[in-house]
Protein chains: 2
Amino acid sequence: MDIQLKRGLLDVCVLAAIKNEDSYGYKIIKDLKPYIELSESTLYTILKRLETAKMLTVRSAEHEGRLRKYYRVTQAGLKRIEEFKTEWKEVISVYQFVIKEDLHE
Amino acid sequence: MDIQLKRGLLDVCVLAAIKNEDSYGYKIIKDLKPYIELSESTLYTILKRLETAKMLTVRSAEHEGRLRKYYRVTQAGLKRIEEFKTEWKEVISVYQFVIKEDLHE
DNA sequence: CCGTATACTTCGTGATACGATGTATAGCGT
DNA sequence: ACGCTATACATCGTATCACGAAGTATACGG
């Protein structure tokens with residue numbers, strides 16, 4: 001997918017990936033893969049950003065010798081998803097404009 | 001609209017605004033206003049970019065003492081719009097993922 | 001013991017939307 | 001005559017952000 005199109009979707013995708021069950025970086029990438037691909041550097045940047053924005057909380061846990069940082073969505077994170085749904089109406093209106101064919105064609 | 005969401009839409013919006021009839025900067029902004037807002041600095045950057053990418057051609061014309069630069073969409077520009085339509089299927093799939101509610105909720 | 005998967009981190013770069021600022025003309029009201 | 005608004009295009013600097021590259025470290029199968 002075009003990198004510019006992704007920009008508006010990635011944050012919300014990550015929130016959605018964690019929404020129903022706490023998750024961690026590596027798993028998020030795998031879960032999102034069928035829908036949208038993102039690299040590790042991209043994801044960890046996003047996680048940091050969402051954490052700073054208090055849309056996520058983190059807890060570290062050891063899992064089979066490896067560190068895992070589990071992320072949980074906060075109320076602010078859920079709110080962000082709801083706002084996205086609202087904004088989507090505008091997006092659809094823009095899309096309709098773009099695909100609108102002139103009657104003369 | 002969120003600036004990140006706009007990123008994937010603006011280029012195609014500008015192309016769509018010109019598609020059926022040659023247009024110029026100031027008019028494009030007004031025509032797009034009901035759907036998506038963009039500043040002059042943003043638009044002229046986009047027009048330059050699309051011109052460089054050969055998706056637009058320009059011709060200057062004088063109109064009541066003022067300069068106007070009329071833009072016309074090229075075949076490459078039309079192709080870009082078609083590609084956008086194709087990409088949109090992916091976007092919709094991502095959107096469905098984001099709004100999907102867990103059954104337990 | 002070597003390759004692959006797991007797991008997180010940091011750095012630098014390129015793309016790009018925007019505000020601020022500037023230039024210039026036309027037209028309208030007072 | 002003067003000021004204000006609309007029209008019209010241009011440039012500069014800044015902040016945001018996705019990504020590739022590179023690094024660190026452990027577990028496990030062959």
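Letters go in sequence order (proteins before strands), and every chain restarts at 1.
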Proximity to DNA chain D (any heavy atom under 4.0 Å), residues of residues 5-15 of chain A only
A/Lys6, A/Arg7, A/Leu10
Polar atoms only, N or O, under 3.5 Å: list the protein pairs with nucleotides 9-12 of chain D and their distances.
residue	atom	partner	partner atom	Å
D/dC9	OP1	B/Lys69	N	2.9
D/dC9	OP2	B/Gly25	N	3.1
D/dC9	OP2	B/Tyr26	N	3.0
D/dC9	OP2	B/Tyr44	OH	2.7
D/dC9	O5'	B/Tyr44	OH	3.3
D/dC9	N4	B/Glu40	OE1	2.7
D/dA10	OP1	B/Lys69	NZ	2.9

Please give me the minimum heavy-atom distance between B/Ala16 and A/Phe97, naming the atom from each residue.
CB-CE2, 4.0 Å
Taking B/Ile28 as the fixed residue, which of B/Leu38, B/Ile46, B/Leu47 is the one that meets the side chain to side chain contact (heavy atoms under 4.5 Å, CB included) rule?
B/Leu47
Hphob cluster co-occupancy, A/Leu78 + A/Leu10, side-chain heavy atoms under 4.5 angstrom:
yes
Nucleotide D/dA8, atom C1' - distance to CG of B/Leu47 in whole Å:
12 Å
State plainly whether the residues B/Lys6 and B/Asp2 are in salt-bridge range, i.e. N to O under 4.0 Å.
no
At what distance, to the nearest 0.5 angstrom, does CZ of B/Arg72 lie from CD of B/Glu21?
10.5 Å
Hey, could you give me each pair passing side chain to side chain donor-acceptor pair (under 3.5 Å) that has a residue in residues 51-60 of chain A? Not counting sequence neighbours.
A/Asp22-A/Arg59
In terms of hydrophobic clustering (I, L, V, M, F, W, Y; side-chain heavy atoms under 4.5 Å; direct or indirect links), are B/Tyr26 and B/Val14 co-clustered?
no
Partner set under side-chain contact (heavy atoms from CB on, under 4.5 Å) for B/Glu82, not counting sequence neighbours:
B/Lys85
Between CG of B/Leu43 and C1' of D/dT7 the distance, given in whole Å, is 14 Å
Below 4.0 Å: OP1/OP2 of D/dC17 and any side-chain N or O of B/Gln4
yes
Can you tell me which residue among B/Ile81, B/Ile18, B/Asn20 is in a side chain to side chain contact (heavy atoms under 4.5 Å, CB included) with B/Val73?
B/Ile18
Could you check how far NE2 of A/His63 sits from P of D/dA27, rounded to whole Å?
11 Å
Reported NZ-to-OH distance for the pair B/Lys69 and B/Tyr24, which is rounded to 0.5 angstrom:
15.0 Å
Restricting to non-hydrogen atoms, name the atom on B/Val94 and the atom on A/Cys13 that form the minimum distance, rounded to 0.1 Å.
CG1-SG, 3.3 Å
Bounded by its outermost nucleotides with an atom under 4.0 Å from a heavy atom of chain A, the footprint on DNA chain C reads C/dT6 to C/dT16
Any side-chain donor-acceptor pair under 3.5 Å between A/Arg68 and A/Tyr70?
yes
Any luck finding a side-chain donor-acceptor pair between B/Ser39 and B/Thr42 under 3.5 Å?
yes
To the nearest 10°, let me know how far the axis at one end of the helix from C/dC1-D/dG30 to C/dT30-D/dA1 is tilted from the axis at the other, five pairs an end.
10°
Whole-Å gap separating P (D/dC19) and CG (A/Leu38)
7 Å
